[in-house]
Participant: 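First the structure, which I've put down as structure tokens, then a few questions once you've had a look.
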Amino acid sequence: MLELRGVRAGYGRIEVLHGIDLTVGEGEILTIVGANGAGKSTLLKAVSGVVRISGGSITYDGERIDPLGVENIVSRRLIQIPEGRRLFGPMSVEENLQLGGYSRRGSGSPVAERLERVFALFPRLKERLSQQAGTLSGGEQQMLAVGRALMAEPRLLLLDEPSMGLAPIVVQDIFTGLRRLNQEGLTMVLVEQDARIALSLAHRGLVMERGRIVLEDSAQALLDNPEVRAIYFGRRNAGYRRGMEKT
Amino acid sequence: MTFEQFLQYIFSGVTSGSVYALTAMGFTLVFNATQIINFSQGQLVMLGGMIAVGLYGAGAPLWGAFLGSVAIVVLVAVGFERIAIRPLLRKGILAQVIATVGASFVFETAAMLIWGRDAVTLPAFSGEEPLSVGGATVVPQTLWVVGLTIVIVVALQLFYRKSLFGKAVRACAVDATSARLQGISYSRVVIFSFALTGAISAAAGVMITPISFMGFHSGSLLGMKGFAAAMLGGLGNPVGAVLGGFILGIVEALGVGVVSAGYKDAIAFVILLLVLFVRPVGLLGAKMGNRG
Ligand SMILES: Nc1ncnc2c1ncn2[C@@H]1O[C@H](COP(=O)(O)OP(=O)(O)OP(=O)(O)O)[C@@H](O)[C@H]1O
Ligand SMILES: [Mg+2]
């Protein structure tokens, strides 16, 4: 469904991704783990068009999307939930959800129907429709971030550290929701620093280090891999213990 | 000061306050879309007035001159964005702000070359016969100015709060990248904001010309007043812009009554300094968001 070939990208003169190859199959969850600064967010931004690539190609549903602008990529129902959620804080929960459906205004299923699907997944959002998004709890904010993305009726969902800053029990709630979405057929790319929980959800996993993919395997094999366990399990930022720093 | 005099000053205050409010709104719309302070904002108001006078002089009916002026200033504002703002997008905000200063000179010089150095005026929209209200007198044009300003402000509020595109514009003001990730075209929002600013500015310029004359150099003072009003209300906050405009207009008018007409234009400057020193975020706080 998604295919990256030799993707290079960076900021200004600094290259962050040094030739990334990966594929995502229809209906699967692919997890990408890596330490701070490995380039995980840059990779997702390259796919959604926020960061321009300087080499290689990105193909989605058989179509080159790397020359397209963000809006055109989004309109192909390839939706990203950015790092830090980036909700519209001063606007209401309802308005955030409506804006999530912006790319499918006038097409797709009726907005009311889409809202009901979001509420079925995260009933808490329904109770807080008129509350300012910025005043929600962290967990509710993440639910809203997922809900806002679902309003676009995604076919491929990119999630950048949905567990960031959340208590484990809340992360469980969110991940339960994600699992349900996947069972209904939604393809996902999930970026996380903490490999354990992310891999437990995924079919396949990649390990990224300094802009390169260094390991690729089934999620179960990675979960059993002693080196992965040592570096990416448990404590956030564990990669620093091995001296991995921001490039 | 008698009550009649007081009322007279208030009437005069809300009249110029309306124009300050709309000018401040222009600052706000462009600022929210681009983070740029548009130093040619006042000149857009001036162009609105001058173009209407030109069209009227060429034989257009008053309403035709009004609408024609709005249409032309919209084109000017959009062209300005295309030519001077967008190409500088990657050069940073400072370059863009400097471009707006340059544009203010271009607009002034163009106005001077086209319409000359004399201040000009338009007939009032519906006669000059003053009405008596509570012992004070009001010219009908005042009612037009205040009435149209209220209509414009209410329409804008409805647009920003109720329509999906209005919400998209607000979302861009909060977080443009996140807005783009929802499929909102940021460049369309910017163009739209400049167009809307052009329309509002032109309307303000046309409405005030029958009351206070318009000349090629009128823009800088109007711009300064509008900027003071926007800062007073909280830059980026449309409700604040309107509030700041009316407060500035009324304080100015009362200042003329209590102190002296000579200090009228200094009042906006004093208010601007006070805001910067005492409460830089303005009365209602900066960002638009849910207040938009
Ligand atoms: N906007 C930017 N401008 C310049 N450099 C950037 C920018 N964003 C990220 N970088 C750099 O690119 C590199 C990769 O950053 P990226 O955010 O992709 O890492 P990450 O793997 O997502 O890290 P984290 O786990 O901390 O989110 C880092 O060295 C970072 O400093
Ligand atoms: Mg990241």
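Atoms considered below: every heavy atom in the structure, side chains included; atoms not considered: hydrogens, waters and symmetry mates.
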Participant: Heavy-atom pairs under 4.5 Å with chain B - which of A:Gln80, A:Gln98, A:Arg148, A:Arg105 has more of them than the others?
Facilitator: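 Among A:Gln80, A:Gln98, A:Arg148, A:Arg105, the one with the most close pairs to chain B is A:Arg148.
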Participant: Find the distance between CZ (B:Arg180) and CD1 (A:Ile73) and round it off to the nearest 0.5 Å.
Facilitator: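 Here the rounded value is 9.5 Å.
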Participant: Between B:Arg161 and A:Glu95, is the salt bridge (Lys or Arg N to Asp or Glu O under 4.0 Å) condition met? List the steps.
Facilitator: CA-CA 9 Å; B:Arg161 294 188 153 280; A:Glu95 288 174 322; 5.2 Å; no
Participant: Quick one: are A:Leu43 and A:Leu22 in side-chain contact, heavy atoms under 4.5 Å?
Facilitator: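 Sidechains of A:Leu22 and A:Leu43: in contact.
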Participant: Looking just at side-chain N and O atoms, do A:Glu192 and A:Ser163 make a donor-acceptor pair shorter than 3.5 Å?
Facilitator: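 Yes, because at least one side-chain N or O of A:Glu192 sits under 3.5 Å from a partner of the opposite role on A:Ser163.
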Participant: Checking heavy atoms, do the side chain of A:Val50, its backbone, both or neither come under 4.5 Å from chain B?
Facilitator: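 The side chain, not the backbone.
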Participant: Name, in order of residue number, those residues of residues 183-195 of chain B that have a heavy atom at a distance of less than 4.5 Å from a heavy atom in chain A; otherwise write 'none'.
Facilitator: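 The list, in residue order, reads B:Gly183, B:Ile184, B:Ser185, B:Tyr186, B:Arg188.
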Participant: Does a donor on one side chain sit under 3.5 Å from an acceptor on the other, for B:Ser201 and B:Gln41?
Facilitator: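 Looking only at side-chain atoms, B:Gln41 and B:Ser201 do form a donor-acceptor pair, the distance falling under 3.5 Å.
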Participant: Compile the donor-acceptor pairs under 3.5 Å between side chains in residues 118-128 of chain A and protein atoms, sequence neighbours left out, one pair per line.
Facilitator:
residue: A:Arg128; atom: NE; partner: A:Glu140; partner atom: OE2; Å: 3.2
residue: A:Arg128; atom: NH1; partner: A:Gln131; partner atom: OE1; Å: 2.7

Participant: Measuring from atom CG of A:Leu157 to atom CD1 of A:Ile79, what distance do you get when rounded to the nearest 0.5 angstrom?
Facilitator: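 Reported to 0.5 Å precision, the distance equals 8.0 Å.
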